[in-house]
Amino acid sequence: MSETTTSLEAGGGVGGLTVDRLAGLLRAAEAIVIPIGAVVVSAAIFSLFLLALGKSPVTFFDLLWRGGYGSAFSWQNTLVRTAPLIFTALCVAVPARLGLVIIGGEGALVLGGFAAAVVALPLLGHAPPWVVMPAMFLAAMLAGSVWIAIVGALRHHRGVNETIASLLMFYIAVAILNFFVEGALRSPVDPNKPSTTPIGPTNMVGEIPGLGVHWGLAFGVVLAILCHVLMTRTTFGFAARVAGGNVRAARAQGLPVGRLIVISCALAGASAGIAGYFEVAAILGKANASLAAGYGFTGILVSFLARHNPLAIPPVAVLFGGLAAAGGLIQRRMGLPDATVQVLQGLIFVVILISETLYGRFAIFDREAKR
Amino acid sequence: MSDDPFFTVAVAMFAGAIRVSTPFLFVSLGECLTEKSGRINLGLEGTLVFGAMSAYAISYLSGSPWLGVAAAGCSGAVFGALHGFICKLPKVNDIAIGIALMLFGSGLAFFFGKSFIQPTAPRLSAIDFGFLTSNPQMKVALQINPLFFVGLVAALALWWALRNTRFGLVVRMTGDSAATARAMGTSVDLVRFLATTIGGFSAGIGGAFLSLYYPGSWNEGLSSGQGLMAVALVIFSRWNPIACVAAALLFGAAGALGPALQSVGISQGYHFFNAAPHILTLAIMIASTSPKRSLKGAPGELSITK
Amino acid sequence: MTKFTLSRRSLLKSAAAGLVTAPVFGIERAAAAGLTIGIIYVGPRDDYGWNQAHAVAAKALKLVPGVTVVEEENVPETIAVQKTMESMIQLDGAKLIFATSFGYFDPHMVEMAKKFPQVEFRHAIGLWQKDKHPSNAGSYYAYLHQAHYVDGIAAGLSTKTGKLGFIAAKPISSVLSNINAFAMGVRKVNPTATVQVIFTGDWALPVREAEAANALADSGCDVLTCHVDSPKVVVETAEKRGVKSCGHNASQASLAPKGFITGAEYKWETVYKYFADLLAKGQKLPNFERGGYDKDYVQNTAFGAGATEEAKKAAAAAIADLKANKPYVSGPLKDNKGVEVLAAGKVVDNYDVFLETTNYLVEGVVGSMT
């Protein structure tokens with residue numbers, strides 16, 4: 001560590017940087033170097049795990065690269081899995097600014113997708129796509145936001161723990177979906193996969209030209225940027241961060257903590273609901289049990305790994321999308337069970353969280369400490 | 001054999017309470033101790049699953065189910081120790097570490113458990129209390145696994161120890177105010193580390209019950225969130241081990257509701273009956289909490305109650 | 001390699017198509033010489049149930065010279081399965097894909113079949129229709145409900161209480177047809193008996209399956225059977241409760257030495273062996289392959305100690321009829337709400353899709369689909 005310190009020290013004064021800007025840059029560098037270091041460390045530990053099993057880590061990481069990022073197809077495969085993760089990660093990140101840990105985004109996704117498909121039902125064949133598509137989108141957003149807003153309201157008004165409430169509500173969301181999809185709203189089209197009536201090809205969301213990935217990806221990136229702006233450039237974001245830091249102080253300042261909590265949760269739920277919309281409108285074409293595919297839960301990892309920073313979420317989602325995309329190739333070529341990728345994901349998650357403890361520990365990143 | 005559907009459902013729920021509650025009981029007791037010390041470990045779901053796998057594997061390989069139970073407890077303790085150790089580091093979020101260990105633990109369990117899905121391992125046997133009744137359904141309901149009683153005794157012991165022993169005092173003090181504990185010369189980190197380790201041990205035993213007694217089989221769908229539900233149980237048990245027993249029994253009974261109603265022909269809306277444990281937990285949490293006063297019995301240091 | 005006309009021809013085609021549709025860089029062909037087959041499972045390959053049955057039987061394909069088999073497990077019924085198919089095609093050079101889960105068919109497999117016309121796709125169970133679906137797609141299925149019908153006959157003659165229990169995962173057509181066939185078998189030999197159904201809501205929920213088995217035993221059922229991914233828990237719980245049981249998917253006879261009657265088993269190996277032979281001869285696989293007892297695609301487990309002599313005799317007779325492809329479903333047939341689903345005098349051929357598009361529970365089944 002000392003070597004790098006000196007070299008940076010030497011470069012520190014050059015280039016006419018003000019001390020403040022330098023400190024900001026260094027903090028940004030810290031936020032990049034530490035997570036990357038953590039990923040490298042987890043890869044190293046995982047290599048030992050593979051070696052102990054008699055498998056080659058070189059092959060593993062080579063396949064990981066090829067399956068996730070090594071070709072245009074692999075990128076497509078990765079990005080198509082990335083899109084829903086951005087939305088569900090935002091569902092964790094936004095309330096996290098207030099100190100809330102929401103782990104039931106999957107429920108909002110499921111109900112969002114379901115609401116989108118249901119709203120489309122009476123419109124099919126009567127309304128043009130430019131009516132059906134926005135209606136579906138809004139319905140998904142609304143359903144998702146109400147679902148998580150309930151969690152926020154329960155937290156604020158009744159003091160119910162949001163982590164557990166959101167998880168319980170996920171199970172309830174799935175029960176609601178299955179009750180209708182296997183019952184009153186079941187379409188006779190596919191006797192072996194209970195689903196709502198297909199929305200039809202004209203109401204489906206297309207692909208981003210030249211990329212082979214649906215528009216959800218672009219929406220996700222835009223939404224991540226919007227969340228960043230909201231959190232850093234608006235009064236709302238500032239108030240949320242204050243409340244997240246210290247509720248009592250926030251109350252003393254006269255901040256409407258309850259409203260902040262409910263609105264943040266509503267925004268979070270809307271984001272997960274949009275993920276559900278794209279699952280229905282860009283992929284499944286109907287609502288069914290496949291909506292609960294685990295994107296909501298992987299989104300938790302993505303958000304924590306991105307340290308709840310909306311701008312960091314898309315790249316981290318690409319990392320996890322790539323892991324999922326390459327998982328299949330690894331299974332097929334190395335004969336490793338599917339759980340291998342889960343082990344690696346868990347390991348990365350654990351190591352990343354441990355690395356949280358390193359922030360501010362390295363003198364090189366911290367000019368303030370120096371003075 | 002009674003044909004009264006009400007009686008059948010009642011018996012099924014009674015029997016379900018005894019059969020299904022044990023894993024909830026062990027996980028929630030473990031979590032109760034951990035939370036009393038001021039930490040929350042959401043990773044017990046992963047611990048439960050890994051415990052179930054290791055118990056079944058060891059029982060199969062060694063031929064002794066009780067050795068399997070011991071293995072499950074030890075592996076659970078390792079996961080607990082890992083959580084306790086990591087959370088000691090500054091700035092590390094215990095909830096997040098829990099989620100991470102949940103993923104990691106179940107991932108490892110699935111990875112190593114592949115070859116134990118098909119074999120039939122020796123299972124734990126029950127103690128038969130059927131002589132207490134002449135009703136045939138009740139006779140079956142009263143075949144009770146020894147672990148259930150171990151859980152009851154553990155709950156009593158924990159309840160007593162938390163109130164009356166030096167150990168209990170130290171744990172509670174650490175959980176209520178780390179600063180005070182430090183002032184008294186207690187090593188807060190050590191207390192929490194031990195509490196989490198013991199909590200993990202208990203959760204591992206809960207897993208062993210799943211794979212070695214009821215339903216008595218290992219596969220990847222075995223737990224379906226029971227470890228997480230148990231954490232919720234602790235909150236509405238108000239960190240009271242005796243209340244944990246009641247909550248676990250209630251939860252077991254709720255889980256039996258869906259199948260029991262369908263068995264007597266009430267099946268419309270079974271999706272919701274099957275979700276009864278989750279709906280019930282949420283309802284009780286809503287009904288029993290209040291933002292106005294802090295939760296009675298809640299450890300002051302616990303992140304989720306702040 | 002000259003034997004593989006199919007693969008050679010399609011390889012050339014795909015090379016050409018690859019230039020057009022494939023992305024600019026980085027296409028690997030792992031197995032350029034022979035035929036690569038991709039098999040996709042929805043759960044773990046060793047689940048002691050549905051997926052394992054396929055995985056074990058599909059080994060027949062690996063024995064064909066020149067054939068490479070690549071397999072992927074735990075692939076959810078989302079975009080993931082589309083990408084898995086595409087990955088098998090693009091990275092492994094697969095020319096034939098077997099997708100073994102219900103929900104893989106529409107839209108996932110249909111989309112991929114349209115995108116890769118040079119690759120053949122086959123789906124276990126799905127209803128491929130000539131006028132609706134791409135010609136390089138198809139489906140194959142074994143009529144397990146025939147074996148459940150035999151189960152029903154044996155069970156109907158082995159019950160004392162006249163109450164039987166069926167634990168089912170989801171109310172989808174392939175499950176409903178098994179429940180109905182079981183009930184029809186039961187009531188053919190025991191017209192007043194009823195079959196109590198419990199839906200657990202998902203394919204693998206061991207605790208709820210055990211609870212369901214106990215609840216059924218408590219309510220007086222003395223024979224239990226099921227259609228869930230892994231019937232181990234149900235059969236073992238039945239045995240523990242001292243009630244009889246019928247198996248599903250594979251043989252569970254050894255799990256219930258006292259109460260096992262018989263079980264409905266797939267013989268996927270016959271199906272995959274048939275496919276393997278066609279491939280070895282360089283022929284195209286059929287788009288729509290179906291069969292039951294007549295083609296040796298299903299079987300019943302050898303009778304266990306729970307089967308009465310009378311039951312064995314009647315079941316053996318039913319098997320003989322099914323082997324001769326004699327129809328076993330005929331009107332009048334009502335669902336359990338009293339609505340007529342088949343008029344009196346109508347006889348349903350064993351290959352009629354009527355038996356594959358079940359969306360009701362027949363009379364004699366107690367329970368509801370929602």
Side-chain angles (χ1 to χ4, degrees), chain A residues 49 53 96 99 101 103 154-165 167-183 247 258 297-298 300-301 303-305 336-361, chain B residues 40 42 46 82 86-93 95-114 220 224-225 228-229 231-232 235-236 268-275 277-282 285-295 303-306:
Chain A
F49 177 74
L53 293 164
V101 182
I103 63 172
L154 286 176
R155 161 83 204 203
H156 180 65
H157 294 294
R158 304 283 323 162
V160 175
N161 174 252
E162 78 286 353
T163 310
I164 286 158
L167 178 76
L168 292 168
M169 285 177 65
F170 155 68
Y171 289 101
I172 298 171
V174 171
I176 294 175
L177 172 81
N178 285 332
F179 176 73
F180 285 107
V181 167
E182 290 177 1
V247 175
F297 295 110
T298 313
I300 303 169
L301 271 69
S303 183
F304 271 97
L305 190 41
L336 285 167
D338 63 292
T340 316
V341 170
Q342 194 183 340
V343 173
L344 178 59
Q345 278 184 353
L347 193 61
I348 293 179
F349 197 7
V350 172
V351 176
I352 287 272
L353 290 171
I354 294 176
S355 75
E356 292 276 308
T357 195
L358 298 178
Y359 287 90
R361 288 260 189 111
Chain B
I40 182 164
L42 280 184
L82 195 59
I86 295 171
C87 289
K88 187 178 86 173
L89 303 167
K91 293 190 201 168
V92 171
N93 178 329
I95 295 185
I97 282 289
I99 300 172
L101 283 176
M102 171 162 66
L103 186 80
F104 188 56
S106 37
L108 281 177
F110 296 163
F111 189 96
F112 291 111
K114 292 281 176 199
E220 295 181 11
S224 59
L228 280 166
M229 292 305 110
V231 177
I235 294 171
F236 78 67
Q268 214 116 48
Y270 66 85
H271 293 101
F272 295 108
F273 300 140
N274 283 341
H278 309 112
I279 296 172
L280 189 71
T281 312
L282 189 62
M285 278 175 66
I286 294 170
S288 63
T289 52
S290 161
K292 299 287 182 312
R293 56 192 158 83
S294 66
L295 294 173
S303 50
I304 54 162
T305 52
K306 267 183 193 166

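Every chain is numbered from 1 and lettered A, B, ... according to where its sequence line falls, protein lines coming before strand lines.
- Of the listed residues (A/I164, A/V160, A/T163), just one forms a side chain to side chain contact (heavy atoms under 4.5 Å, CB included) with B/I235, and that residue is A/I164.
- Contact of B/A232 with chain A is made through backbone and side chain together, with heavy-atom distances under 4.5 Å.
- Between B/F104 and A/F349, the ring center distance fails the sub-6.0 Å criterion.
- Using a 4.5 Å cut-off between heavy atoms, B/A109 does not touch chain A at all.
- The shortest heavy-atom contact between B/M229 and A/L168 is SD-CD2, 3.4 Å.
- With a 4.5 Å cut-off on non-hydrogen atoms, A/L347 touches chain B through its backbone and its side chain both.
- Counting only heavy atoms from C-beta outward, the side chains of B/N93 and A/L353 never approach each other to under 4.5 Å.
- Proximity to chain A is absent for every atom of B/L82, based on heavy atoms less than 4.5 angstrom apart.
- When all heavy atoms of B/G107 and A/A339 are compared, the closest pair comes out as O-CB, 3.7 Å.
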Side-chain polar contacts of residues 95-103 of chain B - donor-acceptor pairs under 3.5 angstrom, sequence neighbours left out - could you list them?
none

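- For the set A/I300, A/V174, A/L167, the entry with the most heavy-atom pairs within less than 4.5 Å of chain B is A/L167.
- Here the shortest heavy-atom pairing between B/Y270 and A/E182 reads OH-OE1, 3.5 Å.
- Only the side chain of A/L53 comes within contact range of chain B, judged by heavy atoms closer than 4.5 Å.
- Evaluation of the ring pair (Phe, Tyr, Trp, His ring centres under 6.0 Å) rule for B/F111 yields A/F49 as partners, not counting sequence neighbours.
- Not one N or O on the side chain of B/K114 forms a donor-acceptor pair closer than 3.5 Å with the backbone of A/P337.
- Looking at A/I354, the atoms closer than 4.5 Å to chain B (heavy atoms on both sides) sit in the backbone and in the side chain alike.
- We find the OH-CG distance between A/Y171 and B/L228 to be 6.0 Å, quoted to the nearest 0.5 Å.
- A donor-acceptor pair is defined here as one N or O able to donate and one able to accept, closer than 3.5 Å; such a pair exists between the side chain of A/T357 and the backbone of B/P90.
- Among B/H271, B/K91, B/M285, the residue making the largest number of heavy-atom pairs under 4.5 Å with chain A is B/H271.
- A pairwise comparison of heavy atoms in A/Q342 and B/S106 identifies NE2-OG, 3.5 Å as the closest pair.
- Distance check, rounded to the nearest 0.5 Å: CZ of B/F272 to CD1 of A/I176 gives 5.5 Å.
- Using a 4.5 Å cut-off between heavy atoms, A/F304 touches chain B through its side chain atoms alone.
- Residue contact with chain B, scored on non-hydrogen atoms closer than 4.5 Å, involves the side chain of A/I103 exclusively.
- Heavy atoms closer than 4.5 Å to chain B are found in the side chain of A/L336, but not in its backbone.
- The residue among A/G99, A/G346, A/S355 with the most heavy atom pairs within less than 4.5 Å of chain B is A/G346.
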